[in-house]
Amino acid sequence: RRSSDLKNQYPDLAKQVVFITGAASGIGAAQARAFLEQDAFVFGLDQKFGKMEELSLRFPETFAYALGDVRQMKELQQAVSKCQDRFGEVTILLNTSGILDAYKPLMETDESLWDLIYETNVKSMYQLTKIILPDMIRRKSGTIINMASIAGLVAGGGGIAYTSAKHAIVGFTKQLALDYAGQGIRVKGIAPGAIQTPMNAADFEGKGEMAEWVANETPVKRWAQPEEVAELTLFLASPQASYIQGTIIPIDGGWLLK
């Protein structure tokens, strides 16, 4: 089922202001489209145009974007200001952007790679959330959905830097949820397994042996599409999921059952 099949299924998401990092491709782009189809206002941030140009042409009144590096505080602040000027204060924050580390173990992970993974996947989430959270606290309302991974729950989903960073995101999500639940802030995380996105393109190179191995190791015997994660995000952002707080929801085809 594609997100287009869910158009206007969540009427409470209409006119919400959604800020998404990593919106140019993969899960972030699918999330952007899914929320746009619920008549939300969506602002995307990424280092490249990717699918954001296409979305801006299709949804010129409700989608806007900025090019920027999530590791740079000034660029985050500029993007949030641009979003506020166009649509108003952010009501739903999707911290989605992230990068892999080529599954490198500790002895192959130099300090520059470690820092790159942590600054992109963890510190950016801390910085952007800290920019947007004050307005949510003032309104006593807001939703934050962080992109974790099965690598944030078990080993084997990445290298040492990626796995450590995703575990950090799980902890960040849980503590944020605990600290601000009483102030009307809903916080939750998503832990995808094998999702077919540009980030995982290397698994499909050549004869695709790695992609085939991953599918075979997944109990449901397939990769998921980004739209499936986007559909879960819609539900978690809706009032129907308001009693889900601080939980990390796996969407992994049964990978964690093993």
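Computed from a predicted model, the values in this text were never measured in an experiment.
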Does the side chain of [X] reach to within under 4.5 Å of the side chain of [Y], using non-hydrogen atoms?
X: L234; Y: Q9; answer: no
X: L128; Y: V70; answer: no
X: Q240; Y: F235; answer: yes
X: Y180; Y: V187; answer: no
X: R58; Y: L36; answer: no

**Message:** Distance alone, cut at 3.5 Å: any donor-acceptor contact between the side chains of D101 and T109?
**Reply:** no

**Request:** For the pair E89 and Q84, evaluate side chain to side chain donor-acceptor pair (under 3.5 Å) and give the outcome as yes or no after the intermediate values.
**Result:** CA-CA 5 Å; E89 292 179 353; Q84 291 172 335; 5.7 Å; no

Within the distance-only criterion (no hydrogens, no angle test), does the side chain of [X] pair as donor or acceptor with the backbone N or O of [Y] below 3.5 angstrom?
X: N8; Y: D39; value: no
X: Q245; Y: A177; value: yes
X: S164; Y: A161; value: no
X: E228; Y: Q225; value: yes
X: R186; Y: S238; value: yes
X: K188; Y: A241; value: yes
X: K51; Y: A23; value: no

Looking only at non-hydrogen atoms, find the nearest pair between [X] and [Y] and report the distance.
X: L113; Y: K104; value: CD2-CD, 3.8 Å
X: C83; Y: V90; value: SG-CG2, 3.9 Å
X: I92; Y: A237; value: CD1-CB, 4.1 Å
X: M210; Y: D203; value: CG-OD1, 3.3 Å
X: W255; Y: P219; value: N-CD, 3.7 Å
X: P226; Y: T197; value: CG-CG2, 3.9 Å

To the nearest 0.5 Å, tell me how far [X] [atom1] sits from [Y] [atom2].
X: K166; Y: I117; atom1: NZ; atom2: CD1; answer: 9.5 Å
X: N200; Y: L100; atom1: CG; atom2: CG; answer: 5.5 Å
X: D46; Y: D69; atom1: CG; atom2: CG; answer: 10.0 Å
X: S97; Y: M125; atom1: OG; atom2: CE; answer: 7.0 Å
X: T173; Y: L178; atom1: OG1; atom2: CG; answer: 12.5 Å
X: T96; Y: I190; atom1: OG1; atom2: CD1; answer: 7.5 Å

**Message:** Using the rule given for side chain to side chain contact (heavy atoms under 4.5 Å, CB included), can you reason through Y162 versus Y103, listing the C-alpha separation, both sets of side-chain angles and the distance that settles it, and then say yes or no?
**Reply:** CA-CA 8 Å; Y162 184 81; Y103 293 89; over 6 Å; no

**Message:** salt bridge (charged side-chain N to carboxylate O under 4.0 Å, His left out) for K207 and E212? Distances and angles first, verdict last.
**Reply:** CA-CA 9 Å; K207 295 182 179 179; E212 184 178 359; over 6 Å; no

side-chain contact (heavy atoms from CB on, under 4.5 Å), paired with [X], selected from [options]:
X: L67; options: M52, E75, Q47; answer: M52
X: F41; options: T62, V18, T91; answer: T62
X: I145; options: L236, I249, L232; answer: L236

**Given T21, N121, T129, the one that forms side chain to side chain donor-acceptor pair (under 3.5 Å) with N95** =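 The residue from T21, N121, T129 that satisfies side chain to side chain donor-acceptor pair (under 3.5 Å) with N95 turns out to be T129.
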
Is there a path of hydrophobic side-chain contacts, each under 4.5 Å between heavy atoms, that joins [X] and [Y]?
X: I195; Y: I150; answer: no
X: Y10; Y: I251; answer: yes
X: M73; Y: F172; answer: yes
X: L76; Y: V42; answer: no
X: V229; Y: F19; answer: no

**Steps toward side chain to side chain contact (heavy atoms under 4.5 Å, CB included) verdict (L13, F35)** = CA-CA 7 Å; L13 297 179; F35 278 87; 3.9 Å; yes

**Full working for salt bridge (charged side-chain N to carboxylate O under 4.0 Å, His left out) between D135 and R138** = CA-CA 5 Å; D135 287 334; R138 179 178 49 78; 3.4 Å; yes

**Asked** Do E227 and R33 pass the side chain to side chain contact (heavy atoms under 4.5 Å, CB included) test, and can you show the C-alpha distance, the side-chain angles, and the key distance before you say yes or no?
**Response** CA-CA 9 Å; E227 289 78 11; R33 180 170 177 173; over 6 Å; no

**Prompt:** Would you say K74 has more than 12 foreign heavy atoms packed within less than 6.0 Å of its NZ?
**Reply:** no

**Request:** Check the pair I132 / V80 against side chain to side chain contact (heavy atoms under 4.5 Å, CB included), numbers first and verdict last.
**Result:** CA-CA 8 Å; I132 290 174; V80 172; 4.1 Å; yes

